[in-house]
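As structure tokens, the structure follows; a few thoughts come after it.
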Amino acid sequence: MQYKLIIFDMDGTILDTLEDLTDSLNFALKKSGMPERFLSEVREFVGNGIRKLIERAVPANTPTDIVNRVLADFSEHYRQNCANKTRPYNGIPEVLSALRNRGVQTAVVSNKVDFAVQQLCVQYFDGLFDLAVGEREDVRKKPAPDAIYAVLEHFGLEKKDALYIGDSEVDIQTAANAGMDCICVGWGFRKKEFLLRSGATVVLSKPDEILEYIED
């Protein structure tokens with residue numbers, strides 16, 4: 001087998017988190033008297049971390065102090081409500097189990113705030129990931145490769161030993177910046193056509209194709 005480690009993005013790749021993100025966002029926007037956002041809009045806003053989500057969702061030219069308030073309200077609400085509607089994509093837990101049974105190590109690298117990454121990994125994938133890394137102040141967010149490099153160092157592996165799997169243009173850029181192999185999934189927050197235009201070379205249509213891909 002070519003890969004010793006597979007690194008997964010979280011939102012849109014292993015978990016459908018969109019409804020909970022939208023609910024918490026709209027709670028925070030409404031609390032500040034701002035227009036709420038549709039699910040389809042939030043789908044386009046996610047991928048670059050929570051602060052960027054808030055900045056994209058608030059009205060143009062919103063003062064920084066107001067953005068910070070909305071961000072704080074979002075974070076407080078999401079901490080308590082990040083798993084109300086969130087669910088693993090069908091087949092993902094089984095694929096993770098199969099990978100581990102084959103001796104492949106698994107990790108998550110996400111721009112989602114770290115407390116939510118840790119909580120959701122335990123709740124939905126307990127024992128299925130060797131390491132999970134969310135957004136932290138001391139590590140640059142994707143598409144910077146810093147978190148990827150930290151994960152590789154943790155496992156004592158080189159980038160040729162690992163495969164990165166994600167669902168967005170941010171993930172494609174992250175893998176390119178890290179100089180490692182990447183495949184994209186078509187069941188997440190971006191459509192296949194968009195991913196191909198963004199530089200994806202492989203877009204899978206269902207989770208069990210991950211196992212087929214790494215066996216080729």
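What's counted below: heavy atoms across the whole structure, side chains too, no hydrogens, waters or symmetry copies.
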Please check: side-chain N/O of Thr62 versus main-chain N/O of Val58, any donor-acceptor pairing under 3.5 Å? no
Closer than 3.5 angstrom, by distance alone: can the side chain of Gln118 be matched with the main-chain N or O of Ala132 as a donor-acceptor pair? yes
Could you tell me the separation between the CD1 atom of Ile66 and the CG atom of Leu71, rounded to the nearest 0.5 Å? 12.5 Å
Single-linkage hydrophobic cluster, 4.5 Å side-chain cutoff, Phe125 and Phe115 together: yes
Working to the nearest 0.5 angstrom, can you tell me the gap between Gln2 CD and Ile214 CD1? 9.5 Å
Beyond-backbone contact of Leu152 with Leu5, side-chain heavy atoms, under 4.5 angstrom: yes
Using 0.5 Å steps for rounding, measure from the CD atom of Glu19 to the OG1 atom of Thr22. 7.5 Å
Salt-bridge test for Lys31 and Asp73: reply yes if a basic N is under 4.0 Å from a carboxylate O, no otherwise. yes
I'd like to know if Leu96 and Val109 are part of one continuous hydrophobic network [Ile/Leu/Val/Met/Phe/Trp/Tyr, side-chain heavy atoms within less than 4.5 Å]. no
What one should report as the nearest heavy-atom pair of Phe38 and Glu41 is N-OE1, 2.7 Å
Point-to-point distance, once rounded to the nearest 0.5 Å, from CZ of Arg43 to CG of Leu21: 11.0 Å
Go through the side-chain N and O atoms of Arg69 and Ser32 and say whether any donor and acceptor fall under 3.5 Å apart. yes
Could you walk me through whether Asp130 and Arg100 pass the salt bridge (charged side-chain N to carboxylate O under 4.0 Å, His left out) test, one step at a time? CA-CA 9 Å; Asp130 298 290; Arg100 294 180 65 80; 3.0 Å; yes
Is there a side chain to side chain contact (heavy atoms under 4.5 Å, CB included) between Asp23 and Asn84? Walk through the geometry before answering. CA-CA 10 Å; Asp23 289 348; Asn84 292 346; 5.9 Å; no
Is there a path of hydrophobic side-chain contacts, each under 4.5 Å between heavy atoms of I/L/V/M/F/W/Y residues, joining Ile92 to Leu120? yes
Between Gln173 and Asn177, do the side chains contain a donor N or O and an acceptor N or O under 3.5 Å apart? no
Would you say that Leu131 contacts Phe155 through its side chain, given a criterion of any heavy-atom pair below 4.5 Å between the two side chains? yes
Report whether Met180 and Val203 are members of the same hydrophobic cluster (ILVMFWY, side-chain heavy atoms less than 4.5 Å apart, transitive linking). no
Which pairs of donor and acceptor atoms, one on a side chain in residues 45-57, lie under 3.5 Å apart (sequence neighbours left out)?
unit_1 : atom_1 : unit_2 : atom_2 : d
Asn48  : OD1    : Arg56  : NH1    : 3.1
Asn48  : OD1    : Arg56  : NH2    : 3.0
Arg51  : NE     : Glu55  : OE2    : 3.2
Arg51  : NH1    : Asn68  : OD1    : 2.9
Arg51  : NH2    : Asn68  : OD1    : 2.8
Lys52  : NZ     : Glu55  : OE1    : 3.4
Arg56  : NH1    : Phe45  : O      : 2.7

Using every non-hydrogen atom in the two residues, find where Tyr3 and Asp181 come nearest and quote the distance to one decimal. OH-OD2, 2.6 Å
Would Glu212 and Lys206 pass as an ion pair if we require N to O under 4.0 Å? no
Does NZ or CZ of Arg87 lie under 6.0 Å from the centre of the six-membered ring of Tyr124, at an angle within 45° of the ring axis? no
Is any NZ, NE, NH1 or NH2 atom of the basic residue among Asp114 and Arg136 found under 4.0 Å from an Asp or Glu carboxylate oxygen of the other? yes
Quick one: does Val133's side chain get under 4.5 Å of Val108's, heavy atoms only? no
Between Ser168 and Asp171, a side-chain donor and acceptor under 3.5 Å: yes
Walk me through whether Asn81 and Ser24 qualify under side-chain hydrogen bond (donor to acceptor under 3.5 Å, both in side chains). CA-CA 7 Å; Asn81 297 276; Ser24 290; 5.3 Å; no
Heavy-atom closest contact (Ala178 atom, Lys159 atom, distance): O-CD, 3.3 Å
Same apolar cluster (I L V M F W Y, side chains within < 4.5 Å links), Ile210/Leu128: yes
Would you check, one step at a time, whether the test side chain to side chain contact (heavy atoms under 4.5 Å, CB included) holds for Val122 with Phe129? CA-CA 9 Å; Val122 170; Phe129 283 106; over 6 Å; no
Between Glu135 and Lys112, does any side-chain N to carboxylate O distance fall below 4.0 Å? no
Applying side chain to side chain contact (heavy atoms under 4.5 Å, CB included) to Gln105 and Leu157, what does each step give before you reach the verdict? CA-CA 11 Å; Gln105 294 175 299; Leu157 297 173; 4.1 Å; yes
CD (Glu76) with more than 12 external heavy atoms under 6.0 Å: no
Between the side chains of Ser40 and Glu44, does any donor sit under 3.5 Å from an acceptor? no
Any side-chain donor near an acceptor of the partner, Thr86 and Asp20, under 3.5 Å: yes
Val202 and Tyr213: side chain to side chain contact (heavy atoms under 4.5 Å, CB included), yes or no, with the steps? CA-CA 10 Å; Val202 177; Tyr213 179 85; 4.0 Å; yes
Hey, mind stepping through Lys4 and Glu158 against salt bridge (charged side-chain N to carboxylate O under 4.0 Å, His left out) and telling me if it holds? CA-CA 10 Å; Lys4 300 177 181 177; Glu158 299 179 27; over 6 Å; no
Heavy-atom closest pair (Val151 atom, Ala107 atom, distance to 0.1 Å) is CG1-CB, 4.0 Å
Going by the side chain to side chain contact (heavy atoms under 4.5 Å, CB included) test, name the single residue among Ile7, Leu204, Ile183 that passes it with Ile165. Ile183
Determine the interplanar angle of the Tyr78 and Phe74 rings, folded into 0 to 90°, and report it as parallel if under 30°, tilted if 30 to 60°, perpendicular if over 60°. parallel
Do Lys142 and Asp9 sit within salt-bridge range, that is, some charged N less than 4.0 Å from a carboxylate O? yes
Going from CD1 on Ile148 to CD on Glu153, what distance comes out if it is rounded to the nearest 0.5 angstrom? 13.5 Å
Return the orientation label for the Phe27 and His77 ring planes: parallel under 30°, perpendicular over 60°, tilted otherwise. parallel
Are Asp167 and Phe8 close enough that some pair of their side-chain heavy atoms sits under 4.5 Å apart? no
Minimum side-chain heavy-atom gap Met10-Cys121 below 4.5 Å: yes
Non-hydrogen side-chain atoms of Leu18 and Phe189 separated by less than 4.5 Å: yes
One pair to check against salt bridge (charged side-chain N to carboxylate O under 4.0 Å, His left out): Asp146 and Arg140. What are the steps and the verdict? CA-CA 6 Å; Asp146 303 39; Arg140 290 188 300 166; 2.8 Å; yes
